[in-house]
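Here the structure comes first, spelled out in structure tokens, and everything after it is commentary.
Chain identifiers are assigned alphabetically (A, B, ...) following the order of the sequence lines, protein sequences preceding nucleic acid strands; residue numbering begins at 1 within each chain.
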There are 2 protein chains.
Amino acid sequence: SVNPDLASERQTASFSVEKLTALLDGGTEQTRIRRAVVEAIESDPVFSRENQYFQTQNERYEAAVRKAVHLQKKMHEMGWTENGPEYKYIYRALSGDVAFLLHRVFMRSISVLGSDKQIAKWIPLATQHKLIGSYAQTELGHGTYLQGLETTAVFDTATQEFILNTPKISAMKWWPGDMGRSATHTVVFAQLYIHGKCYGIHPFIVQIRSLQDHSLCPGITAGDIGPKMNFEHIDNGYLLLKNVRIPRENMLSKFCEVRPDGTYVRQGSQKINYFTMTSVRISLISDEVLTPLMKACTIAIRYSAVRRQSKLKPGEQEAKILDYQTQQEKLLPQVAAAYAFHFINDYLQELFNRGYGEIQRKNFDMLPELHALSSGFKAVITQHCTAGVEICLRACGGHGYSLLSGLPSLYTKIIASCIYEGENTILLLQTARFLIKCFMAANAGQPVPPSVTYLAAVKHGNCPAKSKLDFLSPDIYTEAYQHVAVRLTSSTAAKLQDLIQSGVKKYDAWNQCTVQLVQAAKAHCHYIAVKNFAETVEKLETKAGIQKIMKHLCDLFALHGIFSNTGAFLHDGYISAVQMDMVTASYLDLLAVIRKDAVPLVDAFDFTDKSLNSALGSYDGQVYQRLYEWAQKSPTNQMSPAYERYLKPLLHNTLSKL
Amino acid sequence: SVNPDLASERQTASFSVEKLTALLDGGTEQTRIRRAVVEAIESDPVFSRENQYFQTQNERYEAAVRKAVHLQKKMHEMGWTENGPEYKYIYRALSGDVAFLLHRVFMRSISVLGSDKQIAKWIPLATQHKLIGSYAQTELGHGTYLQGLETTAVFDTATQEFILNTPKISAMKWWPGDMGRSATHTVVFAQLYIHGKCYGIHPFIVQIRSLQDHSLCPGITAGDIGPKMNFEHIDNGYLLLKNVRIPRENMLSKFCEVRPDGTYVRQGSQKINYFTMTSVRISLISDEVLTPLMKACTIAIRYSAVRRQSKLKPGEQEAKILDYQTQQEKLLPQVAAAYAFHFINDYLQELFNRGYGEIQRKNFDMLPELHALSSGFKAVITQHCTAGVEICLRACGGHGYSLLSGLPSLYTKIIASCIYEGENTILLLQTARFLIKCFMAANAGQPVPPSVTYLAAVKHGNCPAKSKLDFLSPDIYTEAYQHVAVRLTSSTAAKLQDLIQSGVKKYDAWNQCTVQLVQAAKAHCHYIAVKNFAETVEKLETKAGIQKIMKHLCDLFALHGIFSNTGAFLHDGYISAVQMDMVTASYLDLLAVIRKDAVPLVDAFDFTDKSLNSALGSYDGQVYQRLYEWAQKSPTNQMSPAYERYLKPLLHNTLSKL
């Protein structure tokens, strides 16, 4: 039975939840396929996540391996293939709680970086799981800055082998997933040396464990890096290499080859490599970042509709906490952001597909823009969504702090996305470098990519809004965002120029501008996100109330951004103080409007109870019952030896006799 | 041997680290006592925390109980007493990793709320550990709003007993520390009923477990609430009461008594109760909030001085990440905040002591101000420090994400402080209520407490700064903060008035202003914090470079607040756009200045390696060696059954035979 406080929220939905779900999925057929996958996975007890909050790191690892192995069977049973329409829903249905994810990265790197011969040799072995692959790039001393990697691969012409070494402790490979305990092979990135000359970073296939008994191969030291904030199910590993010899054929050689005599040959364009990073950054947004935020919103909004605390109106029953303006102001902007970023993800996917098509026609022109947008949005979205999950957690008070709420795990996992696949600050500075370059070019009358043409077309004048209702006009707020993005880019470009002209070295000038460059990059992405949301809403069907509620969310997303960052808009008077008060009024009004649809808006994300794995977020809202029943199953409710050992002697005053 | 990159940072300190440590401690004698306690605790292997990142919740609980019991012995051995000068350093030396903290709360509530007779009976029992106490207030369905608690205590005149019940699942006690597995007794807060009439919330001593064999008493259901984001060492518990009978004498009756015939007698003033909450909120700031931030800063700054990544200057060695402006902008404001809040903690302590003196003279006039300041600062400091720890964690990249860095545990623990002892938003609204009341009073010419007299003295005119150097004048920025606090309070008061005058009900109008009221309360606290920092610096001795570096930090704290919140200062033009650019310039300049003293500034916090318990933060900066050695000890480096069970059949293609 559904908690009546939650049921009542659903009766007044202003739109069709089912239609919104289909919109998010990209069509009703997609929704059907997704639900079938979820149903198949969730009805199989091997994939259960119910005990995960009680498990140790070792238990989590073992469960993830069991699931990965079982998944092979399941896919066969269900007739799912890697190229089938179901495939992309499997990972989401498992909530990522499965091993051998790096095995796929191992295969992809061979496909992308390997020669045809290498692909023909290794991919079938990997596909049939005759080996388990990993991907060893990051070192103890080096992450984002790849050129600094210290592992070496020296070519020995005499034996036609590469000799691999991690010469210093900082060169030890550190973090690769699946490598700590599972992998038999890995792709090692190392500085290639031939006849004493360094040719930079190259990838090498290295066997690290015996295929017979899983013992470490000669010269290999490897193990697990120990406890982390989350990812207990993954055996992130370390790897030391001491004079490990591999055949010449093991250097992945689509782009570079070492001939038997030691001649180094570069072939083809390596630009495609950037494209791989771009692809990874875009693909992680949906599964690793948006899904957790959507789950956190679902949990926090449902809980806020059943949790009653304190009185809003004297003499009445205690109020739902969702009725407090402060609670709405915490949660509803997160819901709006989840939708905004869902649509920007569509935009990036579309751009990526277009870029991919161009590249296949050997046209690399779109790469810089694609790199800048994927870097910037990876940073902005991971940062925004991490903050959003934290807000959801804290908005659930003490119960949000229990692992059984599901929120702590969502948080401790999503925060990693700010670091992996490029640390956010570094990525934003790459976007900023692109912006500055394009700004200069545009102002010199040169052509620039579509997403930055606005940098050239600086409009003067101020925001024309005359009433708070004017701020519900997408033209008004989109232009305000554009104005800020241009202002921050141009003022930072000017500062940079001034510093250089005053004699500061270029690299020093750049460093002195980085705090402001980061702001400019964020403003650029924020502008694109708002513009894209507004354009998406414009194109939606007006039936079933979908366009109307999406318009409200778009307005909220835009006004929340202004309200939380008033200084950027007030700085040069583009928005005046009086207008800012209108923004505030419109923003607060919107909260009350959207609050009515809060539960239907998160219902549309269509998470099952099993996928939320949360005592607070279940569809029926029976929060307290669930918390109590679940807690009773905790291993901490078994008898503890602490009583006989410590408590009894203390209470019986026999401690001294121990 | 100290990492040379770290050693060089210490050689150029502009001030005496030892003198700054003494300033933080409140004198060299205090430093000496603190170090002696730390030395005694850390040299005792029972108190070791080295394995804690590897332990399960059960193991953490058992270790905490063992430590609590051992601490009794240790105190006896060392001659430490609860009233001695060493006592306050013990908890910090243990990093809070010890059981029976609620036993002290149990004792304090009896001391404060019990009659002389009750104190005489229970305190000796508790002191001698003939029982283990807890404190059962929070329920599944009720936290901060105490009036809503649903547990009942019905007086039965026939038997002279109270009959206690948790009538609904939401009435179940939930969260009390030490109650899940350890406590034999607890103070239960329940609605008192006599002859069918409710007299509100009262405290009752209830035995929950047998003193003989620790079995649950009749009518009691109790256990552990299961896994949480942190606090694995504490057995937070649940408690169901079913017709539990306790004698009349077990209602704590300093302020209210139930006579044998059921007559309810109220005696004395309960105002002192508010004072207890105030005391708890102030006392948690130092141990639970400032210490974690200071530890996080120490870890992140030391790591940033030894981590080298990417090139700042072409052709040179990779740069220390502390040399990047963006890294400085993340970390140095956190160091400044740690000092700012240390000094505001002194201010609150002093105010509290003064208030305590007044109350003993039966003068309760200071209570509202004390309540408003302790509530507001509890919220502002916990929020700021939680965000600060998160920034430190993320600033250490992947290594910050390892539990072995110490940072994840600091974060998952400190975030709870935003929720317990009063949820932050609710506390800020209490501060805001006080501000609005005082603002009205001040404008009606009535006297108001000292901390809010500024609300009456609104100065018109704008910020007089003419250059970026002017923004290094405490008068300039303190006045700017004051201006903003007054503006936010007065504009929200005006909005509230307008709404009420336009016919909106008072409670509704209040709700519609809460987002802005929270802003006003924060601005008030921020202003007091800046003013107090500036006044503290003014009084410091000018010797040994202490005043100079503290002045820099005070400037940084103030300018960081403006830089991060420009809209508040730009809104009515108090600070102009041109002046804001000066703020930015001064702020960024300061980062480069303070960066030179970054390591000495965190060294002054004087944490030992054992207390940091961090592979990244050790005094010698041997980060990589420590990470590697520690990881090897992880239980995840033992043989896993996953190989025989799953990996081997998979690799040997014998899965189907399983």
Side-chain angles (χ1 to χ4, degrees), chain A residues 53 56-58 62 65-66 69 129 140 143 145 148 169-170 175 181 211 214 223-229 309-310 312-313 318 325-326 329 394 397-398 401-404 408 416 418-419 423 425 507 511 514-515 566-567 570-572 577 624-625 631 634-637 640 642-643 646 650-651, chain B residues 53 56-58 62 65-66 69 129 140 143 145 148 169-170 175 181 211 214 223-229 309-310 312-313 318 325-326 329 394 397-398 401-404 408 416 418-419 423 425 507 511 514-515 566-567 570-572 577 624-625 631 634-637 640 642-643 646 650-651:
Chain A
Y53 303 129
T56 64
Q57 192 178 356
N58 271 333
E62 280 155 30
V65 170
R66 184 175 69 239
V69 169
H129 285 100
L140 254 179
Y145 183 67
I169 186 159
S170 52
W175 277 113
R181 314 174 87 168
L211 288 169
H214 220 237
D224 188 279
I225 65 165
K228 300 144 292 186
M229 204 169 179
Q309 196 75 343
S310 201
L312 200 47
K313 198 169 162 180
E318 289 183 71
Q325 189 189 48
T326 45
E329 211 267 323
R394 281 170 50 178
Y401 192 75
S402 165
L403 287 201
L404 304 178
C418 298
I419 300 164
E423 196 276 331
T425 303
Y507 55 83
N511 191 27
T514 45
V515 167
T566 54
L570 287 166
H571 189 277
D572 61 353
Y624 301 137
Q625 195 65 39
S634 167
T636 53
N637 279 310
S640 168
Y643 174 66
Y646 311 111
L650 181 73
L651 289 163
Chain B
Y53 303 129
T56 65
Q57 193 178 355
N58 271 334
E62 280 155 31
V65 170
R66 183 176 70 238
V69 170
H129 285 99
L140 254 180
Y145 182 67
I169 187 160
S170 53
W175 279 111
R181 315 173 87 168
L211 289 170
H214 221 237
D224 187 278
I225 64 167
K228 300 144 292 185
M229 203 168 179
Q309 196 75 339
S310 202
L312 200 49
K313 199 169 162 181
E318 290 184 71
Q325 189 189 49
T326 46
E329 211 267 323
R394 282 170 48 179
Y401 192 75
S402 164
L403 287 201
L404 305 179
C418 298
I419 300 164
E423 194 277 331
T425 303
Y507 56 83
N511 191 27
T514 46
V515 167
T566 53
L570 288 166
H571 188 277
D572 61 353
Y624 302 136
Q625 194 65 38
S634 168
T636 53
N637 279 312
S640 169
Y643 174 66
Y646 310 112
L650 180 74
L651 289 164

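- Residue B:Asn511 holds its CG atom at 12.5 Å from NZ of A:Lys313, rounded to the nearest 0.5 Å.
- A distance of 7.0 Å separates OH in B:Tyr624 from CG in A:Leu140, rounded to the nearest 0.5 Å.
- For B:Glu318, the part lying under 4.5 angstrom from a heavy atom of chain A is the side chain only.
- Counting heavy-atom pairs closer than 4.5 Å to chain B, the top-ranked of the candidates A:Gln57, A:Gln625, A:Gln309 is A:Gln309.
- Chain A forms the most heavy-atom pairs under 4.5 Å with one residue out of B:Val69, B:Ile225, B:Thr566, B:Thr326, and that residue is B:Thr326.
- Residue A:Ile419 touches chain B through its side chain alone, counting heavy-atom pairs closer than 4.5 Å.
- Of the listed residues (A:Ala577, A:Gly226, A:Gly148), the greatest number of heavy-atom pairs within a distance under 4.5 Å of chain B belongs to A:Ala577.
- Of the atoms belonging to B:Thr56, it is side-chain heavy atoms, and not backbone ones, that fall under 4.5 Å from chain A.
- Taking each heavy atom of A:Asn58 and B:Pro635 in turn, the nearest pair found is ND2-O, 3.3 Å.
- Between chain B and the options A:Thr636, A:Val515, A:Leu650, the largest number of non-hydrogen pairs under 4.5 Å is found for A:Thr636.
- Options A:Gly567, A:Ser170, A:Ser634 differ in how many heavy-atom pairs under 4.5 Å they form with chain B, and the most are formed by A:Gly567.
- The candidate from B:Leu404, B:Ile169, B:Thr425 with the greatest count of non-hydrogen atom pairs under 4.5 Å with chain A is B:Ile169.
- Rounded to the nearest 0.5 angstrom, B:Arg181 CZ and A:Tyr643 OH are separated by 14.0 Å.
- Contacts of A:Glu423 with chain B are made by side-chain atoms alone, with heavy-atom separations under 4.5 Å and no backbone atom involved.
- Note: A:Leu570 leads A:Leu211, A:Leu570, A:Asp572 in heavy-atom pairs under 4.5 Å with chain B.
- Ring orientation note: the planes of A:Trp175 and B:Tyr401 are tilted relative to one another, at an angle of 30° to 60°.
- The greatest number of non-hydrogen atom pairs below 4.5 Å with chain B, out of A:Ser310, A:Ser402, A:Pro408, is found for A:Ser310.
- Put simply, the side chain of B:Asn637 gets close to the backbone of A:Asp224: a donor and an acceptor are under 3.5 Å apart.
- At a 4.5 Å heavy-atom cutoff, the contact between A:Tyr53 and chain B is made by backbone and side-chain atoms alike.
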